[in-house]
*Asks:* 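Would you mind keeping the following structure in view while I ask a few things?
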Amino acid sequence: MKTLKKHLILFDAECPMCSMYTQAFVSAGLLEKEGRTAYQDFPENVCPQLDRQRAVNEIALLNQETGEVTYGVQSLFKVIAVAIPLLRPLFNFKPFLWLMAKVYAFISYNRRVIIPANEQANSFAYQPAFKLGYRLSYLIFTWLITSFILSHYTGLMSGLLPAAPFYREYLVYGGQILFQSLIICTVDKDKYWNYLGNMMTISFAGALLLLPVLTLSHWMSLPAIFYAGWFLVVAGLMFLEHIRRSRLLKIGWTLSISWVIYRMLILLIILL
């Protein structure tokens, strides 16, 4: 594959996901070894054309010969198109470009709640902008996917849990959002949207961990206690992740305790 030369991609050093995929570009030979740097370390006077706030929101790719700067999904497509020229017509197809730009923005504006930054983050003068529409979309997306997976998984625990209509898990996870919303407002309302995004990432990740076992159930029959056991393992991992993210958000133990209380109350209601 060809390497895009004389270009520099500016990634967010406070975003583990951004660091990983730009390093993957270098490791795969799509960019030169010196083809990536954190925008936090990029001198302000080197490229006057660079919109630094936009570069924080949408990854910037700088042509070091001409000074031209591209942003967001177009930066990624430019790197990939040099390595795989056959994809260039697709990348230039406007409906596809529009769709991928929306997908990119959906991930980019939620990246700090998908994979949170470490405790030393948020020290740079420019921080990712908050877009309420994309955060709401993320909450709805994770709520729907998580509820869908759980509505199928709970059916594997028949005999241990009473039968329920398909919409029960949608109500459970929707209720969790509302319940925790009330608690975070009393703890630190300034972190309301950040907390909800992190909480739903945990729920979504937990649902994904159930998928292999759910898939396995189509090929072999296992006792309900096995599925319940795996569910408890996943729930335990989710709780530990909730504690970790609460520490990063500096919101103490209250939300982790209320998270457990809500789930215990729901379980009690289901069993009764």
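Residues take their numbers from the sequence shown, with the count starting at 1.
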*Asks:* Hydrophobic clusters here meaning ILVMFWY residues chained together by side-chain heavy-atom distances under 4.5 Å, can you tell me if Ile243 and Leu249 are in one?
*Replies:*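 Yes, same cluster.
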*Asks:* Do Met20 and Ile115 come close enough that some side-chain heavy atom pair is under 4.5 Å?
*Replies:* yes
*Asks:* Going by the rule side-chain hydrogen bond (donor to acceptor under 3.5 Å, both in side chains), which residues pair with Thr22 if we only count those two or more places apart in sequence or in a different chain?
*Replies:* Arg36
*Asks:* Regarding Ser19 and Gln23, is there a side-chain donor-to-acceptor distance under 3.5 Å anywhere?
*Replies:* no
*Asks:* Using the rule that Ile, Leu, Val, Met, Phe, Trp and Tyr join whenever any side-chain heavy atoms are under 4.5 Å apart, tell me whether Phe141 and Leu132 fall into a single cluster.
*Replies:* yes
*Asks:* Can a donor-acceptor pair be found between the side chains of Tyr262 and Gln180 at a distance below 3.5 Å?
*Replies:* no
*Asks:* Would you kindly say whether Tyr167 and Ser147 are connected by a side-chain donor-acceptor distance under 3.5 Å?
*Replies:*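 No, no side-chain donor-acceptor contact under 3.5 Å.
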*Asks:* Tell me, do Leu90 and Phe77 make a side-chain contact under 4.5 Å, heavy atoms counted?
*Replies:* no
*Asks:* Report the relative orientation of the aromatic rings in Tyr134 and Tyr109; use parallel for angles under 30°, tilted for 30 to 60°, perpendicular for over 60°.
*Replies:* parallel
*Asks:* Do Leu196 and Ser181 have side chains that approach each other closer than 4.5 Å (heavy atoms only, starting at C-beta)?
*Replies:* yes
*Asks:* For a quick test of reading the model, state the closest non-hydrogen atom pair linking Glu14 to Asp12 and the distance between them.
*Replies:*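 Where Glu14 meets Asp12 most closely, the heavy atoms are N-OD1, 2.9 Å.
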*Asks:* Indicate, with yes or no, if Ile225 and Trp230 share a hydrophobic cluster defined by side-chain heavy-atom contacts under 4.5 Å among Ile, Leu, Val, Met, Phe, Trp and Tyr.
*Replies:*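 Each belongs to a different hydrophobic cluster.
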*Asks:* Would you mind telling me which of Leu156, Leu150, Thr154 makes a side chain to side chain contact (heavy atoms under 4.5 Å, CB included) with Phe231?
*Replies:*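 Only match with Phe231 under side chain to side chain contact (heavy atoms under 4.5 Å, CB included): Leu150.
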*Asks:* Can you find a heavy atom in the side chain of Ile59 that is under 4.5 Å from one in the side chain of Leu10?
*Replies:*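 When only atoms from C-beta onward are counted, Leu10 and Ile59 do not touch, as no gap falls below 4.5 Å.
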*Asks:* May I ask you to check whether over 12 heavy atoms, not counting those of Lys191, lie within 6.0 Å of atom NZ?
*Replies:*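 Counting other residues, nucleotides and ligands, NZ of Lys191 exceeds 12 neighbours.
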*Asks:* Is there a chain of hydrophobic side chains (I, L, V, M, F, W, Y, each step under 4.5 Å between heavy atoms) that links Leu232 to Tyr173?
*Replies:*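 Different clusters: Leu232 never reaches Tyr173 through Ile, Leu, Val, Met, Phe, Trp or Tyr contacts under 4.5 Å.
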*Asks:* For Arg245 versus Ile114, what's the shortest heavy-atom pair and its separation?
*Replies:* NH2-O, 3.0 Å
*Asks:* Do Leu255 and His242 touch side chain to side chain, with heavy atoms closer than 4.5 Å?
*Replies:* yes
*Asks:* To the closest 0.5 Å, what do you measure between CZ (Phe148) and CD1 (Ile145)?
*Replies:*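 Rounded to the nearest 0.5 Å, the CZ-CD1 separation comes out at 7.5 Å.
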*Asks:* If you compare all heavy atoms of Glu58 against all heavy atoms of Tyr71, which two are closest, and at what distance to 0.1 Å?
*Replies:*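 Taking every non-hydrogen atom into account, O-CD2, 3.8 Å.
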*Asks:* Keeping the roles fixed (side chain from Ser108, backbone from Asn57), state whether a donor-acceptor pair exists under 3.5 Å.
*Replies:* yes
*Asks:* Donor-acceptor pair, Arg54 side chain versus Ala60 backbone, under 3.5 Å?
*Replies:* no
*Asks:* Does Leu8 reach the side chain of Phe42, with side-chain heavy atoms less than 4.5 Å apart?
*Replies:* yes
*Asks:* More than 12 heavy atoms of other residues, nucleotides or ligands under 6.0 Å from CZ of Phe166: yes or no?
*Replies:*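 Count not over threshold, so no.
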*Asks:* Quick one: does Arg168's side chain get under 4.5 Å of Ile270's, heavy atoms only?
*Replies:* yes
*Asks:* Are Trp259 and Met238 side-chain neighbours, meaning at least one heavy-atom pair lies under 4.5 Å?
*Replies:*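 Yes, close enough: below the 4.5 Å cut-off.
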*Asks:* Any link between Val172 and Leu182 through a network of hydrophobic side chains (Ile, Leu, Val, Met, Phe, Trp, Tyr) touching at under 4.5 Å?
*Replies:*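 In one cluster with Val172: Leu182, no.
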